[in-house]
Student: 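Right, I'll just put the structure down here and ask away after.
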2 protein chains.
Amino acid sequence: MRDEVDGLVEAWRAERPDLDVEPLQVLSRVSRLARHLDRARRTVFTEHGLEPWEFDVLAELRRSGPPYELSPGRLLRATLVTSGTMTNRIDRLAAAGLVRRFPDPADKRGVLVRLTDEGRERVDGALTALLDYEKTILGAMPASERRRLAALLRSLLSPLDEPDPRQRT
Amino acid sequence: MRDEVDGLVEAWRAERPDLDVEPLQVLSRVSRLARHLDRARRTVFTEHGLEPWEFDVLAELRRSGPPYELSPGRLLRATLVTSGTMTNRIDRLAAAGLVRRFPDPADKRGVLVRLTDEGRERVDGALTALLDYEKTILGAMPASERRRLAALLRSLLSPLDEPDPRQRT
DNA sequence: CCGCACTATCTCGATATCGAGAGATAAGCT
DNA sequence: AGCTTATCTCTCGATATCGAGATAGTGCGG
């Protein structure tokens with residue numbers, strides 16, 4: 001079995017024999033796999049009438065539980081976009097009837113973004129489709145290996161998750 | 001040990017107990033890890049006066065070996081951007097003196113993009129810095145686990161690498 | 001209870017990307 | 001050879017994002 005990264009590593013070894021390119025074996029695979037996943041997500045969501053960014057926002061609201069309502073600030077921190085981007089996204093989601101804006105009764109500066117019934121149906125459908133697709137990707141991999149892979153990835157991710165919650169205001 | 005994805009999976013389980021969200025344990029971690037890596041790459045490359053997209057293009061040329069020369073078509077397929085984007089990138093890299101365009105002697109429609117000495121130095125320096133950073137990410141992980149992780153990732157990636165070389169012209 | 005630093009959201013100009021299409025050349029077919 | 005289809009690169013208009021700044025409201029310390 002062989003993938004793009006094997007070729008990549010070989011090429012670097014030939015051109016830069018002075019360097020230890022071992023880390024690419026893990027981290028380039030992570031990046032490339034993520035790129036493939038992004039493309040596939042786009043395809044899956046398009047079939048459900050959503051863009052990936054729409055799913056990101058709606059899913060955050062959906063996961064928060066009833067009444068499916070969060071501030072723009074929480075949404076932008078959760079999705080790692082800037083405030084200008086989030087304003088624009090909420091505008092478009094509201095125009096599409098998937099969310100509505102309400103003034104925040106507890107803070108007159110703020111608003112709350114609430115999922116509409118239609119928004120909830122759309123994100124639920126898209127999630128189901130996403131999981132179906134992801135199952136096919138993981139397809140042949142036995143449950144024991146999945147757990148081991150998940151654990152190894154967690155050990156890389158958890159140190160990165162902690163520091164610098166990175167306000168993007 | 002715990003990461004963002006553990007919280008994500010718990011939240012979905014609470015809201016959608018009807019779904020099997022196991023696949024997220026692996027694939028959401030891949031996506032999130034890739035996002036962290038992107039941010040870190042940006043930081044590392046900025047210190048070497050390169051943008052991530054500049055590194056992507058220059059590295060492809062560097063890896064191809066002397067005379068460090070490829071067509072725009074090969075570059076756009078390697079970096080998964082559209083032709084309009086690649087034209088724009090080559091324009092800016094040429095303006096920065098990191099590449100030069102030459103007519104392709106074998107095909108009068110085409111051009112060849114060649115790395116300049118300065119471009120080569122910059123990409124070599126950036127690669128060294130990138131690998132240093134990646135070593136710190138992988139830091140504590142023993143070599144045996146790295147190999148296992150790489151192998152598990154390869155088994156997910158290799159089926160995706162084959163199909164649909166996806167011309168983006 | 002007043003001032004001041006902080007926070008929340010929105011506005012707006014700049015920029016990188018996409019994607020459709022044009023112009024030129026190449027390669028295959030009859 | 002002549003014709004058609006494919007390929008290569010570039011052009012250009014539309015769009016989503018960023019990031020700095022504006023506006024309004026909050027709440028702490030004096």
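This structure is a prediction, so every number in the text was calculated from the model and none was measured. Every chain is numbered from 1, with letters handed out A, B, ... down the list of sequences.
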Student: I need the B:Leu27 CG to A:Leu130 CG distance, nearest 0.5 Å.
Tutor: 8.5 Å
Student: Could you go step by step and tell me if B:Val21 and B:Arg16 meet the side chain to side chain contact (heavy atoms under 4.5 Å, CB included) rule?
Tutor: CA-CA 9 Å; B:Val21 294; B:Arg16 298 294 308 276; 5.8 Å; no
Student: For B:Glu22, what residues pass the side-chain contact (heavy atoms from CB on, under 4.5 Å) criterion, not counting sequence neighbours?
Tutor: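 Testing B:Glu22 for side-chain contact (heavy atoms from CB on, under 4.5 Å), a comparison that skips the adjacent residues, returns B:Arg13, B:Asp20, B:Gln25.
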Student: Find which nucleotide of DNA chain C each of A:Thr85 and B:Arg92 is nearest to by heavy atoms, and output the residue with the more 5' nucleotide.
Tutor: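 Closest to the 5' end, via its nearest nucleotide, is A:Thr85.
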Student: Once you round it to whole Å, what is the distance between P of D:dC10 and CZ of B:Arg89?
Tutor: 14 Å
Student: Starting from P on D:dC10, measure out to CD1 on B:Ile90 and report it in whole angstrom.
Tutor: 6 Å
Student: Roughly, in whole Å, what's the span from CG in A:Leu76 to C1' in C:dC10?
Tutor: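 So the two atoms are 12 Å apart, to the nearest Å.
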Student: Is it true that A:Arg41 and A:Asp56 make a salt bridge, defined as a side-chain N closer than 4.0 Å to a carboxylate O?
Tutor: yes
Student: Considering every strand and a 4.0 Å limit on heavy-atom distances, what is the contact class for A:Arg74: base, sugar-phosphate, or nothing?
Tutor: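 No contact at all - A:Arg74 keeps every heavy atom at 4.0 Å or more from the nucleic acid.
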Student: Whole angstroms only, please: what is the CG-P distance between B:Asp91 and D:dT11?
Tutor: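 The answer, rounded to whole Å, is 7 Å.
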Student: For B:Val81, is there any backbone N or O sitting under 3.5 Å from a side-chain donor or acceptor partner on B:Thr85?
Tutor: no
Student: Any Lys/Arg nitrogen of A:Arg154 or B:Asp6 sitting under 4.0 Å from an Asp/Glu carboxylate oxygen of the other?
Tutor: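 Here A:Arg154 pairs with B:Asp6 in a salt bridge, since their nearest N and O are under 4.0 Å apart.
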Student: Quick one: does NZ or CZ of B:Arg92 land under 6.0 Å from the six-membered ring centre of B:Trp53, within 45 degrees of the ring axis?
Tutor: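 Geometry flag: set, cation within 6.0 Å and 45°.
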Student: Kindly state which residues belonging to residues 44-72 of chain A come within less than 4.0 angstrom of DNA chain C, counting heavy atoms of the residue only, listed by number.
Tutor: A:Ser71, A:Pro72
Student: Got a list of side-chain donor-acceptor pairs under 3.5 Å for residues 95-118 of chain A, not counting sequence neighbours?
Tutor:
| unit_1 | atom_1 | unit_2 | atom_2 | d |
| --- | --- | --- | --- | --- |
| A:Arg101 | NH2 | A:Asp91 | OD1 | 2.1 |
| A:Asp104 | OD1 | A:Ala106 | N | 2.8 |
| A:Asp107 | OD1 | A:Arg109 | N | 3.0 |
| A:Asp107 | OD1 | A:Arg109 | NE | 3.1 |
| A:Asp107 | OD2 | A:Arg109 | NE | 3.4 |
| A:Asp107 | OD2 | A:Arg109 | NH2 | 2.7 |
| A:Arg114 | NE | A:Glu69 | OE2 | 2.7 |
| A:Arg114 | NH2 | A:Glu69 | OE2 | 2.8 |
| A:Thr116 | OG1 | A:Gly97 | O | 2.7 |
| A:Thr116 | OG1 | A:Leu98 | O | 3.1 |
| A:Thr116 | OG1 | A:Gly119 | N | 3.0 |
| A:Glu118 | OE2 | A:Arg122 | NH1 | 2.7 |

Student: Assess whether one donor atom and one acceptor atom, taken from the side chain of B:Ser83 and the base of D:dC10, lie less than 3.5 Å apart.
Tutor: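 Indeed there is one.
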Student: So do the side chains of B:Leu156 and B:Val30 get within less than 4.5 Å of each other, counting heavy atoms only?
Tutor: no
Student: Identify, residue by residue, the members of residues 99-109 of chain A with a heavy atom below 4.0 Å from DNA chain D, and return them in order of residue number, or none.
Tutor: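 Nucleic-acid contacts, sorted: A:Asp107, A:Lys108, A:Arg109.
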Student: How close or far is atom P of D:dA20 from atom CG of A:Asn88, stated in whole angstroms?
Tutor: 18 Å
Student: Measure the distance from CZ on A:Arg39 to C1' on C:dC18 and round it to the nearest whole Å.
Tutor: 15 Å
Student: If we only count heavy atoms from C-beta on, is the B:Phe55 to B:Arg62 side-chain gap below 4.5 Å?
Tutor: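 They are not in contact (no side-chain heavy atoms under 4.5 Å apart), so the answer is no.
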Student: Filter on salt bridge (charged side-chain N to carboxylate O under 4.0 Å, His left out), then keep only pairs touching residues 131-151 of chain B, sequence neighbours left out; what's left?
Tutor: B:Asp132-B:Lys135
Student: Which whole-number value in Å describes the distance from A:Leu112 CG to C:dT9 P?
Tutor: 8 Å
Student: In whole angstrom, what separates A:Arg42's CZ from D:dT15's C1'?
Tutor: 12 Å
Student: Let's see if you can work this out: which of C:dC18, D:dC10, D:dC18 has an atom nearest to the side-chain heavy atoms of B:Val111?
Tutor: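 Of the options given, the side chain of B:Val111 lies nearest D:dC10.
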Student: At 10 degrees resolution, what angle do the end axes of the helix from C:dC1-D:dG30 to C:dT30-D:dA1 form when each is taken over five base pairs?
Tutor: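 Inter-axis angle at the termini of the helix from C:dC1-D:dG30 to C:dT30-D:dA1: 20°.
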Student: So, B:Thr136 side chain and B:Gly139 main chain: donor-acceptor pair closer than 3.5 Å or not?
Tutor: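 It does not hold such a pair.
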